[in-house]
Asks: 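Quick one: structure below, then a few questions.
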Amino acid sequence: MSLANFSVGLSTYLLVGAMLFCIGLYGVFAKRNIIAVLMSIELMLNAVNINFVAFNRFVWNEKIDIHYVLTGHVAALFVIVVAAAEVAVGLALIITIYRNRQSTNVDELTWLKW
């Protein structure tokens, strides 16, 4: 079997997106460092972007109208913009927490508990 006849279908993209999302979900629940948790959330958002673009490519392929052609890409672009804003705010909060508590360990951030 040659590589010229090999095509990647929608299920392959969805499988890669699901695996990335599961790795990110594991990172959110297992990591104790705030920066690692933030990176895991970004990994989950990128998995969603892969799914948006894959669905756009394979589901809206028959449409000619430009509104249908770019739907998944525009959604992925919005997710990227929201992720960038989330990183900016998250890193600012992490720097402030580190300056006050001298730690980025999630288990030590308990000042909101009763």
Side-chain angles (χ1 to χ4, degrees):
M1 180 174 158
S2 69
L3 291 177
N5 295 331
F6 183 71
S7 68
V8 178
L10 178 62
S11 61
T12 306
Y13 287 110
L14 294 180
L15 182 65
V16 169
M19 289 186 332
L20 282 176
F21 192 85
C22 288
I23 291 169
L25 192 64
Y26 173 75
V28 166
F29 289 132
K31 298 296 181 183
R32 298 293 174 229
N33 190 348
I34 297 176
I35 296 174
V37 171
L38 190 64
M39 289 188 329
S40 297
I41 292 171
E42 293 297 321
L43 191 63
M44 292 167 60
L45 290 173
N46 285 326
V48 171
N49 282 341
I50 289 173
N51 288 336
F52 277 148
V53 174
F55 277 126
N56 185 48
R57 165 71 174 89
F58 288 100
V59 174
W60 296 106
N61 195 16
E62 298 85 21
K63 303 289 184 182
I64 303 299
D65 191 14
I66 192 68
H67 299 293
Y68 291 115
V69 173
L70 296 178
T71 304
H73 299 294
V74 171
L77 186 64
F78 279 125
V79 170
I80 291 170
V81 169
V82 169
E86 178 243 340
V87 165
V89 172
L91 286 177
L93 288 172
I94 290 169
I95 290 170
T96 304
I97 289 169
Y98 182 75
R99 285 182 181 170
N100 290 334
R101 299 286 176 163
Q102 299 299 319
S103 175
T104 59
N105 191 353
V106 177
D107 293 333
E108 295 175 7
L109 303 177
T110 58
W111 67 84
L112 292 178
K113 287 185 179 179
W114 284 94

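For the single chain, residues carry numbers from 1 onward in sequence order. Being a predicted model, the structure only gives us computed values, none of them experimental. Note: hydrogens, waters and symmetry copies are ignored here, and every other heavy atom, side chains too, is used.
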Asks: In this structure, which one of L15, N51, N46, L43 forms a side chain to side chain contact (heavy atoms under 4.5 Å, CB included) with L20?
Replies: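 The option that passes is L43.
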Asks: Hydrophobic cluster membership, with links at side-chain heavy-atom distances under 4.5 Å among I/L/V/M/F/W/Y: are L91 and I34 in one?
Replies: yes
Asks: If you group Ile, Leu, Val, Met, Phe, Trp and Tyr by side-chain heavy-atom gaps below 4.5 Å, do F29 and Y26 land in one group?
Replies: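 In one cluster with F29: Y26, no.
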Asks: So which atom in H73 and which in N56 form the shortest heavy-atom distance, rounded to 0.1 Å?
Replies: CD2-ND2, 2.9 Å
Asks: Which of these passes side chain to side chain contact (heavy atoms under 4.5 Å, CB included) with T96: L93, I94, N100?
Replies: N100
Asks: Using side-chain heavy atoms (C-beta onward) and a distance below 4.5 Å, is L38 in contact with E86?
Replies: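 Yes, their side chains come closer than 4.5 Å.
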Asks: Are side-chain heavy atoms of I97 and T104 found at a separation under 4.5 Å?
Replies: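 The answer is no, as the side chains (C-beta and beyond) never meet within the 4.5 Å cut-off.
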Asks: Quick one: pull up CD in E42 and CG in N49 and give me the separation to the nearest 0.5 Å.
Replies: 10.0 Å
Asks: F55 and V8: same hydrophobic cluster, using ILVMFWY side-chain contacts below 4.5 Å?
Replies: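 Per the 4.5 Å side-chain linkage, F55 and V8 are co-clustered.
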Asks: I need the minimum non-hydrogen distance between Y13 and I50, along with the two atoms involved.
Replies: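 It is O-CG2, 3.8 Å.
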Asks: Between V74 and F52, is there a side-chain heavy-atom distance shorter than 4.5 Å?
Replies: no
Asks: How close do S40 and G24 get, counting heavy atoms only, and between which atoms?
Replies: CB-O, 3.3 Å
Asks: Under the rule for side chain to side chain contact (heavy atoms under 4.5 Å, CB included), what residues qualify as partners of E108, not counting sequence neighbours?
Replies: S103, N105
Asks: Would a single hydrophobic cluster contain both M39 and L25, if residues Ile, Leu, Val, Met, Phe, Trp and Tyr are joined by side-chain heavy-atom contacts under 4.5 Å?
Replies: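 No, because L25 and M39 fall into different hydrophobic clusters, even though each may have its own neighbours under 4.5 Å.
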Asks: Any chain of hydrophobic side-chain contacts (each under 4.5 Å) joining F58 to L14?
Replies: yes
Asks: How close do Q102 and R99 get, heavy atom to heavy atom, and via which atoms?
Replies: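 Residues Q102 and R99, closest heavy atoms: NE2-O, 3.3 Å.
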